2 protein chains.
Amino acid sequence: MAAAPPLPPLPPAENLSLAEGAYRRLRDAIVRGELPAGTKISERGLAPKLGISAQPVREALRRLEADGMVLTQPRSGTMVAEFGPARLAEMGRIRMALEGSAAALAAERADAALLAALEAQLTRMRAATAAEDTQTLAEANEHFHALIHHAAGNAFLLRSLTALRGYDHVNRLRALESTPKELPKALAEHEALARAIRQQNPELAEERMRAHVLRSLRAGGLLQQDKK
Amino acid sequence: MAAAPPLPPLPPAENLSLAEGAYRRLRDAIVRGELPAGTKISERGLAPKLGISAQPVREALRRLEADGMVLTQPRSGTMVAEFGPARLAEMGRIRMALEGSAAALAAERADAALLAALEAQLTRMRAATAAEDTQTLAEANEHFHALIHHAAGNAFLLRSLTALRGYDHVNRLRALESTPKELPKALAEHEALARAIRQQNPELAEERMRAHVLRSLRAGGLLQQDKK
DNA sequence: CATGGACAACTGCTATAGCAGATGGCATGC
DNA sequence: GCATGCCATCTGCTATAGCAGTTGTCCATG
């Protein structure tokens with residue numbers, strides 16, 4: 001068994017089945033607004049546009065329905081759901097809850113490898129924060145959270161969090177770039193969170209993660225300030 | 001438009017497509033232990049046993065995979081995942097988080113119909129608690145939570161909570177029956193929760209729901225007492 | 001002109017056939 | 001005897017065809 005690479009593989013390789021590819025393409029198209037809310041879509045209609053059969057398209061649509069991105073009534077048709085600011089706020093709330101659970105579970109089963117990987121990302125973050133390198137910071141942030149998601153070791157949780165990622169990957173960048181003065185706060189929160197995980201304190205880790213995501217959402221303008 | 005029935009239809013009718021039916025049957029079979037962990041299952045193998053084609057079976061297996069109940073690696077095979085007490089505890093944690101989110105969202109958009117429906121279930125609960133009628137109590141409890149899930153108005157959240165229900169529908173009964181002295185506590189929590197929803201306080205509703213689910217999990221022996 | 005009903009064109013859903021990749025046993029060579 | 005490579009078999013995955021509902025349009029009728 002050879003030594004692990006410096007950056008442990010999160011999902012080491014992409015399988016890219018046709019259904020998976022269709023799912024991602026459609027998801028991105030919806031998020032980017034290329035398929036506006038209310039657009040009628042159908043398995044047969046999308047199949048030739050994606051260059052595949054109708055069957056994988058159907059599978060992709062079922063997943064998108066589970067994610068809440070499309071609405072389909074049984075024998076009639078499928079349309080992309082509308083998610084305005086209100087819905088994005090809802091998804092943000094849910095993400096806060098699930099990220100908190102992931103942090104708690106990760107704290108329970110934290111091992112040396114996880115702690116080292118988290119520390120590596122923190123090091124990147126410290127440098128990027130000092131340099132206000134938002135690009136690198138966004139990447140490190142993604143890795144940091146992804147590490148926790150995987151460390152939680154729960155398939156359902158991982159799947160759910162991955163689905164939620166589609167909703168705010170745009171707003172995440174905006175949140176980081178629009179308010180550079182928030183960057184030190186985020187860094188401090190990440191460090192405090194890593195500490196809670198290191199001392200294997202699930203409740204503390206959950207609470208800190210929730211606070212971190214909540215502030216992040218507020219910085220992105222997705223949640224009101226009247227929450228306490 | 002006729003007047004609504006006294007118990008507003010949660011899911012008014014069951015569509016029961018073949019894929020949906022296969023999903024439920026397989027899910028129940030796994031939960032009941034008829035398909036022990038590690039059992040190898042395949043689309044083609046299950047199709048004749050369910051009396052349907054392999055295609056709906058596949059769809060059901062994909063959903064079960066999303067729920068974390070089966071593990072499938074791409075070209076090799078599918079097996080039912082093992083969920084011992086540790087995994088059930090994880091799912092309990094996640095359920096606590098998602099139930100909290102649902103309560104918060106339900107509090108945000110609470111209307112007269114919801115409050116009336118919740119009050120109706122509370123009335124049932126009060127009587128059932130006094131009579132220690134655990135059967136009726138379990139039903140009212142299910143309805144109460146289902147009302148909140150639907151009132152949250154979020155497809156993704158509803159789907160996730162429905163998936164989680166499969167994990168603890170056994171332990172839920174046990175929790176209620178094994179500790180009758182806990183019943184008044186649960187009733188008081190439900191009433192306090194309804195109050196928070198009535199005054200449209202999302203944070204309070206979320207916190208109370210989390211506490212309620214947490215105590216319920218502990219009563220069922222799914223979580224340790226060292227949590228605070 | 002308004003209205004109802006049948007028909008054509010959709011839709012999601014299911015069945016069947018066949019694909020490529022993975023698995024395990026068995027024969028072959030060392 | 002042990003390792004090695006081949007091949008039958010089984011797997012998930014995809015393509016195609018056809019089913020049964022739904023919907024909208026157009027013509028016939030009051």
Side-chain angles (χ1 to χ4, degrees), chain A residues 11-27 29-30 35-82 155 158-159, chain B residues 11-27 29-30 35-82 155 158-159:
Chain A
E14 314 203 52
N15 277 341
L16 92 150
S17 72
L18 293 188
E20 178 73 18
Y23 167 71
R24 299 190 186 181
R25 284 188 59 179
L26 289 177
R27 178 165 61 83
I30 293 177
L35 292 177
T39 304
K40 285 273 190 182
I41 54 183
S42 71
E43 309 168 356
R44 281 177 175 77
L46 258 51
K49 297 183 181 178
L50 297 175
I52 61 179
S53 171
Q55 201 60 42
V57 176
R58 168 180 172 80
E59 207 157 307
L61 289 182
R62 300 292 269 182
R63 282 186 59 182
L64 288 174
E65 186 186 17
D67 294 353
M69 287 202 173
V70 304
L71 251 303
T72 161
Q73 47 192 23
R75 297 276 179 172
S76 168
T78 302
M79 64 191 326
V80 325
E82 51 180 341
L158 181 59
R159 175 91 164 203
Chain B
E14 315 203 52
N15 277 340
L16 90 152
S17 72
L18 293 189
E20 178 74 18
Y23 167 72
R24 299 190 185 181
R25 285 188 59 178
L26 290 176
R27 178 165 60 82
I30 292 177
L35 292 177
T39 305
K40 285 271 189 182
I41 53 183
S42 71
E43 308 169 356
R44 281 178 175 78
L46 259 52
K49 297 183 181 179
L50 297 175
I52 60 179
S53 171
Q55 201 61 42
V57 175
R58 167 180 172 80
E59 207 157 307
L61 289 181
R62 299 294 268 181
R63 283 186 59 181
L64 287 173
E65 185 185 18
D67 295 353
M69 287 201 173
V70 304
L71 251 304
T72 161
Q73 47 192 21
R75 297 278 180 173
S76 168
T78 303
M79 64 192 324
V80 326
E82 52 180 341
L158 180 59
R159 175 92 165 203

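A quick note: this is a predicted structure, and the numbers were derived from the prediction, not measured. Letters A, B, ... are given to chains in the order of the sequence lines, protein chains preceding strands, and every chain is numbered from 1.
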What is the distance, rounded to the nearest whole Å, between atom [atom1] of [X] and atom [atom2] of [N]?
X	N	atom1	atom2	answer
A:I52	D:dT14	CD1	C1'	9 Å
A:L16	D:dT14	CG	C1'	14 Å
B:Q55	C:dG12	CD	P	15 Å
A:L71	C:dT11	CG	P	17 Å
B:K40	D:dT9	NZ	C1'	14 Å
B:E43	C:dT16	CD	P	15 Å
A:L18	C:dG21	CG	P	12 Å
A:L50	D:dA15	CG	P	11 Å

| said: Please report the interatomic distance OG1(B:T78) to CG(B:L46), rounded to the nearest 0.5 Å. | reply: 9.5 Å

| said: Working to the nearest 0.5 angstrom, can you tell me the gap between B:L71 CG and B:E82 CD? | reply: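 So the gap between those two atoms works out to 9.0 Å.
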
Give the minimum heavy-atom separation between [X] and [Y], together with the two atoms involved.
X	Y	answer
B:A81	B:G68	CB-O, 3.8 Å
A:M79	A:G38	CE-O, 3.4 Å
A:V80	A:A37	CG2-CA, 3.1 Å

Show me, pair by pair, the donor-acceptor contacts under 3.5 angstrom made by side chains of residues 55-64 of chain B, not counting sequence neighbours?
| from | atom 1 | to | atom 2 | distance (Å) |
| --- | --- | --- | --- | --- |
| B:R58 | NE | A:E59 | OE1 | 3.1 |
| B:R58 | NH1 | B:E43 | OE2 | 3.2 |
| B:R58 | NH2 | A:E59 | OE1 | 3.3 |
| B:R58 | NH2 | A:E59 | OE2 | 2.8 |
| B:E59 | OE1 | A:R58 | NE | 3.1 |
| B:E59 | OE1 | A:R58 | NH2 | 3.3 |
| B:E59 | OE2 | A:R58 | NH2 | 2.8 |
| B:E59 | OE2 | A:R62 | NE | 3.0 |
| B:E59 | OE2 | A:R62 | NH2 | 3.3 |
| B:R62 | NE | A:E59 | OE2 | 3.0 |
| B:R62 | NH2 | A:E59 | OE2 | 3.3 |
| B:R63 | NH1 | B:E20 | OE1 | 2.7 |

Taking OP1 and OP2 of [N], is either one under 4.0 Å from a side-chain nitrogen or oxygen of [X]?
X	N	answer
B:S53	C:dT16	no
A:T78	C:dG12	yes
A:R58	C:dC13	yes

Identify each atom pair where a protein N or O and an N or O of nucleotides 20-23 of chain D are less than 3.5 Å apart, giving names and distance.
none

| request: Answer yes or no: is there a side-chain heavy-atom contact under 4.5 Å between B:I30 and B:V70? | output: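 Yes. Closest side-chain heavy atoms under 4.5 Å.
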
